Amino acid sequence: MLEFDSIRKTIPKSPGVYLFKNNKGKVIYIGKAAFLPSRLAQYFQKGRPKDTKTTLLVQDIVSVDWITVDSELDALFLEAELVRRYQPKYNILLRDDKSTAYVRINLKSNHPTVMITRRPLDDKADYFGPYYNASSVRKALQLLRRAFPYSVHYKQIPKRACLQSHLGLCPGLEEEKTSLADYRQNLKKLIQYLKGNRKTLQVQIEKDMKLAAKQQQFERAAQLRNQLHTLKSLNKQIVFGDREFLDISKDAGLHGLSILLGIEKAPYRIEGYDISHMQGTDNTASMVVFTNGMPDKTEYRKFKMRLPGNNDFAHMSEVITRRLQKKHIKNWGLPDLFLIDGGKGQLQAALETRNAAGVKVPMIGLAKREEEIIISKHDSTIIFHPPEEGYITETTDFIRITLPKEEHIIKLLQRIRDESHRFAVSYHSVLKVKRQTASVLDEIPGIGPKTRQKLVKAFGSVSAVKSASLSDIAAQIGSQKAKSIQQYLQKD
């Protein structure tokens with residue numbers, strides 16, 4: 001058990017997140033504190049009553065790390081991200097609330113909203129999380145709403161401005177108090193803030209404020225000034241990507257990967273690839289990027305496959321070929337590690353393509369069924385070091401490694417693989433819907449995609465449009481276009 005007196009004087013007097021570790025150096029519990037010295041001391045006070053689980057936790061603590069932040073609110077979000085990353089056993093044992101919460105922002109909607117949900121969906125909205133304390137996240141969003149007013153009218157849009165609109169907390173789209181374009185720009189700032197880009201955002205707002213004042217747009221300049229003052233008064237640095245605070249050497253998954261693969265430095269940028277299709281149609285590929293062990297969604301890329309048919313090996317070769325084009329290497333750089341979703345076949349196809357491009361970046365696979373890490377014996381960029389725990393099987397060309405499910409390496413790779421799969425499926429679904437809605441409407445001169453979407457949305461199908469009356473169609477798109485469509489459909 002840790003001797004608390006030996007570290008008492010070294011604990012910084014600030015808010016932060018603490019990580020308890022056992023005798024093997026594994027993170028067993030993560031917590032947040034408004035004042036680190038007081039919170040940590042509570043665990044080791046001899047006269048303080050503790051329940052059985054907390055007593056067992058304290059007995060297992062051998063060392064503690066901490067990450068200081070600007071405020072307790074920062075600690076809330078950082079704690080959630082680190083618990084999701086490490087999944088410490090005592091966080092699970094000591095937590096009564098088993099369900100997680102996500103922040104949902106449907107930026108592309110005609111009436112965007114911000115809400116907290118328990119279940120993220122593949123509905124084109126942006127999700128942030130998961131968080132293990134919904135009430136705390138709710139309070140945090142209430143504070144941020146002062147700087148970035150947003151609507152919560154998810155199910156029913158009010159006919160007139162709500163009370164929050166009069167208080168300056170809602171954009172007031174109902175009475176055109178704010179335009180939809182301005183509201184979306186405001187939500188983009190909120191998203192940028194949630195991703196941890198507080199400093200960049202404040203600099204940009206200050207530049208916009210000075211420009212508005214120079215152009216004598218004094219009302220806008222005043223709004224930007226108030227927004228900037230609110231941000232500074234919050235004194236927050238919400239870190240979803242935790243780039244500003246987390247030392248990469250403290251991430252067990254990244255550190256373990258560097259040892260396993262014989263890489264000199266922990267892989268700062270990891271790119272994950274997956275293929276998605278439906279019986280050889282609407283073939284897509286995804287590239288997701290994890291920076292410092294966390295998803296970096298601004299760097300994600302999606303690919304519409306040019307090769308037809310159901311051939312995952314060929315499609316994996318295609319996406320790696322396109323990724324390693326000189327223009328993409330110049331614009332995106334190169335990762336420290338490629339992770340291929342699939343077994344030996346997918347990895348072999350990707351390796352051959354990488355070698356043909358003359359790129360020397362380590363590349364491994366993760367097979368779904370047994371969660372096996374696949375490594376090629378002929379990959380000169382990897383110097384394999386057998387892990388202390390796990391099962392290893394070898395063939396002529398490959399090494400297959402099965403690690404315990406609780407190992408940080410496998411948890412990290414699973415998160416990247418699952419995210420690449422989700423992103424690939426989401427793009428595949430978009431292409432599938434587009435193909436299904438493609439119809440005779442596409443052939444009508446003068447009828448654009450927005451008009452077609454409006455008709456399909458209003459009537460449900462092309463056959464329903466054909467059977468609709470001229471007046472019904474005109475009510476949706478105007479009489480002139482309605483006549484053109486009806487004349488064309490009658491000829492069909």
Side-chain angles (χ1 to χ4, degrees), residues 122 124 269-290 295-335 337-369 372-376 378-379 381-382 395 397-398 400 413-414 416-439 442-443 449:
D122 189 11
K124 300 182 182 180
R269 176 183 170 112
I270 302 176
E271 292 182 2
Y273 292 84
D274 188 26
I275 306 296
S276 180
H277 61 84
M278 180 65 72
Q279 295 180 345
T281 61
D282 305 315
N283 300 305
T284 63
S286 66
M287 177 188 103
V288 301
V289 178
F290 273 54
D296 190 350
K297 294 189 177 182
T298 60
E299 296 291 317
Y300 286 14
R301 298 292 182 269
K302 54 192 177 185
F303 301 84
K304 184 178 180 180
M305 294 288 93
R306 296 164 182 164
L307 293 174
N310 182 5
N311 190 333
D312 282 356
F313 303 160
H315 290 140
M316 186 60 72
S317 178
E318 178 187 342
V319 69
I320 298 300
T321 299
R322 291 165 64 179
R323 165 62 180 97
L324 295 179
Q325 290 176 350
K326 290 183 179 179
K327 62 178 181 179
H328 293 328
I329 294 176
K330 181 180 179 181
N331 295 331
W332 305 343
L334 284 172
L337 177 67
F338 287 106
L339 176 64
I340 306 301
D341 181 13
K344 295 185 292 184
Q346 286 88 344
L347 178 60
Q348 184 62 41
L351 282 167
E352 290 175 357
T353 306
R354 182 206 64 179
N355 294 339
V359 172
K360 296 182 179 180
V361 175
M363 182 177 282
I364 62 174
L366 184 64
K368 284 191 180 76
R369 183 173 296 178
E372 290 179 319
I373 300 173
I374 312 297
I375 298 175
S376 171
H378 307 298
D379 189 349
T381 64
I382 293 176
T395 62
D397 299 315
F398 292 94
R400 306 174 73 100
L413 296 180
Q414 283 175 333
I416 300 171
R417 189 272 316 281
D418 292 346
E419 181 68 354
S420 64
H421 179 69
R422 181 201 66 79
F423 194 54
V425 169
S426 66
Y427 185 42
H428 164 75
S429 300
V430 170
L431 295 182
K432 182 180 177 182
V433 169
K434 284 184 178 180
R435 178 175 55 82
Q436 290 174 339
T437 55
S439 62
D442 298 340
E443 303 171 3

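As the structure is a prediction and not an experimental result, all values here were calculated from the model.
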What's the separation between atom [atom1] in [X] and atom [atom2] in [Y], rounded to the nearest 0.5 Å?
X	Y	atom1	atom2	result
L337	M363	CG	CE	9.0 Å
K302	K304	NZ	NZ	11.5 Å
I320	E271	CD1	CD	8.0 Å
D296	F290	CG	CZ	10.0 Å
I340	L351	CD1	CG	7.5 Å
N331	R301	CG	CZ	8.5 Å

Of all heavy-atom pairs between [X] and [Y], which one has the smallest distance, and what is that distance?
X	Y	result
L366	D341	O-OD1, 3.7 Å
F303	V319	CD1-CG2, 3.5 Å
R322	H328	O-CD2, 2.7 Å
P308	H315	O-NE2, 4.0 Å
L339	R417	CD2-N, 4.1 Å
I382	P362	CG1-CB, 3.9 Å

Do [X] and [Y] touch side chain to side chain, with heavy atoms closer than 4.5 Å?
X	Y	value
P335	E299	no
L324	F338	yes
L347	F398	yes
N283	I275	no
N355	H378	no
I329	L334	yes

Donor-acceptor pair between [X] and [Y] side chains, under 3.5 angstrom:
X	Y	result
S317	T353	yes
Q346	Y273	no
T395	D397	no

List the steps and the verdict of side-chain contact (heavy atoms from CB on, under 4.5 Å) for R323 and V359. CA-CA 11 Å; R323 165 62 180 97; V359 172; over 6 Å; no
Using modelled atom types only, decide if a donor and an acceptor are shared between the side chain of [X] and the backbone of [Y] within a distance under 3.5 Å.
X	Y	answer
E419	P295	no
S286	S420	yes
T284	A424	yes

With side-chain contact (heavy atoms from CB on, under 4.5 Å) as the test, would you mind laying out the steps for T381 and V361 before giving the verdict? CA-CA 6 Å; T381 64; V361 175; over 6 Å; no
Does any pair with a residue in residues 307-317 pass salt bridge (charged side-chain N to carboxylate O under 4.0 Å, His left out), and if so which ones, sequence neighbours excluded?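 Checked against salt bridge (charged side-chain N to carboxylate O under 4.0 Å, His left out) - neighbours excluded - no pair reaches residues 307-317.
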Between R269 and W332, is a side-chain contact (heavy atoms from CB on, under 4.5 Å) present by the stated rule, with each step listed? CA-CA 11 Å; R269 176 183 170 112; W332 305 343; 4.3 Å; yes
